[in-house]
There are 2 protein chains.
Amino acid sequence: MAGYHVPPLERLVDQFESLPGIGHKSAQRIAYHVLNMSREEAQRFAQTITDAHENIHYCSVCCNLTDSDLCPICRSDNRDKSIICVVEDPRDVFALERTNEFNATYHVLHGAISPLGGVGPDQLKIKELLKRVGDGAVKEVIMATNPTVEGEATAMYISRLLKPLGIRVTRLAYGIPVGGDLEYADEVTLSRAIEGRQEL
Amino acid sequence: MAGYHVPPLERLVDQFESLPGIGHKSAQRIAYHVLNMSREEAQRFAQTITDAHENIHYCSVCCNLTDSDLCPICRSDNRDKSIICVVEDPRDVFALERTNEFNATYHVLHGAISPLGGVGPDQLKIKELLKRVGDGAVKEVIMATNPTVEGEATAMYISRLLKPLGIRVTRLAYGIPVGGDLEYADEVTLSRAIEGRQEL
């Protein structure tokens, strides 16, 4: 807006616009919402960001996000520690936990191998995974990386490291999503579903 | 997620979810983005919110947002102070300034009269408008409230207060939007466009 500058407001809008999935209009709307908050609410908002950033770190075992040394899953005695499910992102742990059918532990890589994106194996939490597997208590590692080129490459890379150690390495099944429509399934998914067909 | 609680993370997600236009998934995505920021970036984010909240207040003349006593428009000598354009929201000022054709001043009401929403004339900056108009230097007040029931009611209410003072009160023209399509224009807009037809 020519000639009309309110620097603290512009900085606030820019800050929100830099967040993922928020465009200029939404950022403006949010900035005005923040300005309409009470002083206490605005301070609590700022404090929540600082708190989260200071208190959340990686679990020393599985590298998931936690505010204590071990995450609740690694701390639990009811979890099967002999099975590790390897995921790319903390959000994937949330997704798998929602099934309520999985009682093993996780390992969060925080990314996937991507030569184009400049992410190599050293930037991922692969060393930490090998350390966990090293003590011999782990029987199976389930690769649950995303069904993308990067996720596949990461799964292959890790499975090659683990197989010589005599550990069973598995991969989540590919196929048509439940409730989906065959007509709209893509060719690759369909051919994977045919390959992976099971006895009835 | 049953059994997995990271309170600072949950508070961060809840905080973003409470912002307008952000659902749970987006809030999660933004929260992880914030956690991936550097410590300095996160502190700057928190500081931007506190700064904006502490430094931005209403212009003592037009009630628009500013970080000094007068907003840049009220401070400017190049603005025609005899015409005041009354809007509901600071964002409306930005929209009108984008036309680059308007050289008068504004007055921001910060809302519209809405009996259902519990907003009466006393909650709006109407007293401040009457004070500005009182000194006799103002010749015209342009009502640029939104074309909604609330905006119309507010415009009518204010025009009844101003007309006895001998001030010209006008309203933004209704009609079909430029670049729009007659076929898709709604009936009310079309009939307003016919009513307001002008000589060629």
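Order of the sequence lines sets the chain letters (A, B, ...), proteins ahead of strands, with each chain counted from 1.
Contact residues of residues 125-142 of chain A toward chain B are absent (heavy-atom distance under 4.5 Å). The contact list for residues 15-41 of chain B toward chain A, using heavy atoms and a distance under 4.5 Å, reads B:Q15, B:F16, B:S18, B:L19, B:P20, B:G21, B:I22, B:K25, B:Q28, B:R29, B:I30, B:Y32, B:H33, B:V34, B:L35, B:M37, B:S38, B:R39 by residue number.
Not a single donor-acceptor pair under 3.5 Å links the side chain of B:D69 to the backbone N or O of B:S60. Side-chain atoms of A:T105 do not come within 3.5 Å of backbone N or O of A:C85 as any donor-acceptor pair. Put simply, the side chain of B:E150 never gets that close to the backbone of B:L116: no donor and acceptor are under 3.5 Å apart. With B:R171 contributing its side chain and B:T145 its backbone, the two residues share a donor-acceptor pair below 3.5 Å. With B:S76 contributing its side chain and B:I73 its backbone, the two residues share no donor-acceptor pair below 3.5 Å.
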Intermediate values then yes/no, side chain to side chain donor-acceptor pair (under 3.5 Å), B:T66 and B:R75: CA-CA 11 Å; B:T66 178; B:R75 229 182 307 155; 4.7 Å; no
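Ring centers of B:Y58 and B:H110: under 6.0 Å apart, within the cut-off.
When the candidates A:T48, A:T50, A:N55, A:D51 are compared by the number of heavy-atom contacts under 4.5 Å with chain B, A:T48 comes out ahead.
Using a 4.5 Å cut-off between heavy atoms, A:E54 contacts chain B through its side chain alone, with no backbone atom that close. If you measure heavy-atom distances from A:D67 to chain B, the contacts under 4.5 Å come from both the backbone and the side chain.
For the atom pair OG of B:S68 and NE2 of B:H57, the computed distance is 6.5 Å after rounding to the nearest 0.5 Å.
Among all heavy-atom pairs drawn from A:N64 and A:P90, the shortest one is OD1-CB, 3.5 Å.
Other residues, nucleotides and ligands contribute only 12 or fewer heavy atoms inside 6.0 Å of the CD atom of B:E101.
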